[in-house]
Number of protein chains: 2
Amino acid sequence: MGRALSTTGAQDAGAQDAGTENAAAAQDAGGALYRQVAADLREAITTGAYGEAGRLPAEGALAERYGVSRGTVRQALAVLRADGLVTSRRGTRRVVLGNARVQSFSELLSFTHWARSMGEEPGGRLESLIRRPADAAEREQLRLEPGAEVYVTLRLRTLSDVPVMVERTVYPSHVGQLVAQLPPDVVSHTEQLREHGILFTDADHTIDVVTANAEDAKLLGCRRGAPLLRERRRTTDPTGRPVEWSQDRYLPGTVAFSVHNSLATSALSRHARADD
Amino acid sequence: MGRALSTTGAQDAGAQDAGTENAAAAQDAGGALYRQVAADLREAITTGAYGEAGRLPAEGALAERYGVSRGTVRQALAVLRADGLVTSRRGTRRVVLGNARVQSFSELLSFTHWARSMGEEPGGRLESLIRRPADAAEREQLRLEPGAEVYVTLRLRTLSDVPVMVERTVYPSHVGQLVAQLPPDVVSHTEQLREHGILFTDADHTIDVVTANAEDAKLLGCRRGAPLLRERRRTTDPTGRPVEWSQDRYLPGTVAFSVHNSLATSALSRHARADD
DNA sequence: CAGCAAAAGTTGGCTGGCCAACTTGATCTG
DNA sequence: CAGATCAAGTTGGCCAGCCAACTTTTGCTG
């Protein structure tokens with residue numbers, strides 16, 4: 001892959017002096033070197049440059065090609081391994097596992113971002129926004145003191161004007177205050193919050209099946225008792241403080257969730273459902 | 001990342017490989033140093049040693065405590081970060097995110113192992129096992145040549161004799177041959193296959209909702225058209241060769257799937273459901 | 001005392017090196 | 001020719017060090 005990484009293109013030339021310049025150029029490609037290498041290899045793999053079950057070049061060869069150390073290459077390959085694109089065993093070259101397109105974190109967290117990445121037109125209608133004291137479960141999830149207040153939104157989300165999902169989100173007050181000031185027709189709360197300095201960096205998801213209640217049925221246009229795919233999500237900011245506790249209910253056939261895990265890296269788990 | 005468990009993770013059958021003089025003394029939890037450190041920190045975090053949203057010691061301090069280099073500590077912390085146990089930002093100490101118990105890889109892949117880890121009694125009844133040419137979709141998933149044959153099993157899985165899941169699995173012939181020789185009352189195919197040298201190391205999961213067909217309804221004792229939580233799973237061995245293509249259908253309320261992702265590591269994604 | 005500047009503390013990132021463990025293919029041997 | 005042995009190639013793991021970027025604390029200044 002010809003693309004020898006802009007920063008290191010002049011590797012010997014003046015690698016360290018021109019730090020600022022090159023760093024800026026690198027930024028739009030992914031900032032860190034290992035991310036650029038990972039992005040380039042991902043591109044090569046998904047376009048089939050190494051074949052269906054082909055073998056990748058050795059770490060050393062890649063290090064030389066990109067003009068980086070082997071450690072950096074290993075960091076890049078760890079990313080691809082975690083995404084399930086390649087295997088990784090001692091003693092033999094890495095093998096291409098699949099060419100699965102893995103969405104970015106923001107595509108996963110933001111309905112709007114996700115929809116646009118598929119070429120669909122996302123929409124959202126705010127049904128209600130109320131402010132009230134948090135109940136026990138909400139205090140637990142959002143790590144709030146007794147008596148703390150939360151903002152609760154109910155939104156109907158659409159793809160090309162077709163209802164697909166009901167979203168019930170609970171915000172702690174410091175976030176909810178911002179949400180309450182947004183115009184009711186704003187499509188992406190996530191993007192608006194980011195511009196106000198609220199960052200989403202970590203999320204825990206739980207996925208199961210529920211039946212539509214009266215409210216769901218009315219909004220989604222399905223029967224009461226109809227099955228819905230539910231995703232419950234707790235999101236935290238970079239400091240680890242919970243910023244969102246949301247429950248999305250999708251009409252069947254509109255979405256599926258996909259995850260990769262391996263002996264090396266696994267974050268998925270299966271729970272018994274005594275809760276809720 | 002979760003692994004650290006004795007079962008498959010280390011597959012340390014040939015533990016004779018010396019190398020681990022004093023290191024092994026610490027714990028046989030995991031061969032590698034960073035795994036031992038990770039296991040120890042996980043233990044400390046889940047028992048609340050650092051508090052709910054407490055701060056971890058600095059990398060340097062941990063390195064000194066465990067007598068390893070900072071790089072090794074960073075490797076261990078990367079494991080915990082991927083599991084969603086701690087945050088990780090430049091400039092400040094890591095913060096405890098939660099004390100989520102993350103299942104091991106084998107618990108996730110094996111219904112039997114998972115059930116036992118919850119104290120339930122898993123059961124399974126083989127309804128049918130047939131051998132036939134693979135169709136196009138199966139060839140694609142299992143990466144088979146045209147004309148290749150597959151073994152297809154249909155099993156009803158139970159917890160304490162209560163039906164909870166219907167499992168339809170397609171095996172390539174080299175695995176299916178082994179499955180076909182198993183006694184029909186064997187509970188865990190996965191464990192049996194491992195003893196025959198078939199290892200499961202990577203898996204892709206897709207989770208969505210379907211309605212019960214006549215066969216599902218009969219086996220699970222639900223109405224036809226009732227909602228089921230479906231997990232489709234393709235599993236590969238260490239070399240990247242597909243060894244299993246399975247479709248599990250759970251009764252609502254019996255399980256939920258849970259996953260963590262973050263800006264740093266994300267393997268979960270959301271798909272449109274045009275397929276299938 | 002408020003606000004700003006400097007300093008200290010901490011993690012992210014990268015390098016270079018070394019050895020062990022493992023896989024694979026070639027070579028030798030009976 | 002089958003099987004064992006050996007050598008080369010490759011990844012896993014660990015170390016020591018360095019600097020940059022960022023956060024928090026401290027201390028100074030107006």
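As the structure is a computational prediction, the values presented were derived from the model and not from experiment. The figures that follow rest on heavy atoms only: side chains count, while hydrogens, waters and symmetry mates do not. We name chains A, B, ... by the order of the sequence lines, and we start the count at 1 in each one.
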>> Can you tell me which residue among Arg90(B), Arg93(B), Arg74(B) is in a salt bridge (charged side-chain N to carboxylate O under 4.0 Å, His left out) with Glu59(B)?
In response: Arg74(B)
> Counting side-chain heavy atoms from CB outward, which of dG12(C), dC15(D), dG13(C) is closest to Leu33(B)?
Replying inline: dC15(D)
Might you list the N or O atoms of the protein lying below 3.5 Å from N or O atoms in nucleotides 16-19 of chain C, with each pair's distance?
none

> Should Tyr34(B) be listed as having a side-chain N or O under 4.0 Å from OP1 or OP2 of dC14(D)?
Replying inline: no
> For Leu77(A) and dT10(D), what is the distance between atoms CG and P respectively, to the nearest whole Å?
Replying inline: 14 Å
> With a non-hydrogen cut-off below 4.0 angstrom, is Arg74(B) in contact with a base, only sugar-phosphate, or nothing?
Replying inline: base
> Rounded to whole angstroms, how far apart are CD on Gln75(A) and C1' on dT11(C)?
Replying inline: 13 Å
> Looking only at atom types and distance, does a side-chain atom of His260(A) sit under 3.5 Å from a main-chain N or O of Ala203(B), one as donor and one as acceptor?
Replying inline: yes
> Which residue, Arg55(A) or Gly91(A), contacts DNA chain C at a nucleotide closer to its 5' end, judged by nearest heavy atom?
Replying inline: Gly91(A)
>> Can you tell me if Thr92(A) touches the phosphate of dG9(D), counting only side-chain N or O atoms and a distance under 4.0 Å to OP1 or OP2?
In response: no
> For Arg93(A) and dT10(D), is the shortest distance between a side-chain N/O and OP1 or OP2 below 4.0 Å?
Replying inline: yes
>> Between P on dT15(C) and CG on Leu62(A), what's the gap in Å once rounded to a whole number?
In response: 14 Å
> Closest nucleotide of DNA chain D for Arg90(B) versus for Thr239(A): which of these residues is on the 5' side?
Replying inline: Arg90(B)
> Which whole-number value in Å describes the distance from Arg89(A) CZ to dG9(D) P?
Replying inline: 19 Å
> To the nearest Å, how far apart are Arg35(A) CZ and dC14(C) C1'?
Replying inline: 14 Å
> Looking at Pro238(B) and Arg89(A), what are the two nearest heavy atoms and their distance?
Replying inline: O-CD, 2.9 Å
>> Is there a side-chain contact between Thr72(A) and the phosphate of dG13(C), meaning an N or O under 4.0 Å from OP1 or OP2?
In response: no
> Around Arg139(B), counting heavy atoms of other residues, nucleotides and ligands shown, do more than 12 lie under 6.0 Å from its CZ?
Replying inline: yes
> Whole Å only: how far is the CZ atom of Arg94(B) from the P atom of dC22(D)?
Replying inline: 17 Å
> How close do Ser188(B) and Ser110(B) get, heavy atom to heavy atom, and via which atoms?
Replying inline: OG-OG, 3.9 Å
>> So if I take every side-chain heavy atom of Glu59(A) and compare against dG12(C), dC14(C), dT11(D), which nucleotide ends up nearest?
In response: dT11(D)
> Taking everything shown except Glu191(A) itself, do over 12 heavy atoms lie less than 6.0 Å from its CD?
Replying inline: yes
> Within the side chain of Thr87(B), is there an N or O that forms a donor-acceptor pair under 3.5 Å with the backbone of Val95(B)?
Replying inline: yes
> Between Arg81(B) (CZ) and dG12(C) (P), how many Å, whole number?
Replying inline: 6 Å
> Would you say the side-chain atoms of Asp237(A) pair up with the backbone N or O of Thr239(A), donor to acceptor, closer than 3.5 Å?
Replying inline: yes
> Is a donor on one side and an acceptor on the other found under 3.5 Å between the side chain of Arg234(B) and the backbone of Gln141(B)?
Replying inline: yes
> Does the Glu149(B) side chain pair with the main chain of Ala134(B), one donor and one acceptor, at a distance under 3.5 Å?
Replying inline: no
> Hey, what bend do you get for the helix from dC1(C)-dG30(D) to dG30(C)-dC1(D) if you fit axes on five pairs at each end, rounded to 10°?
Replying inline: 0°
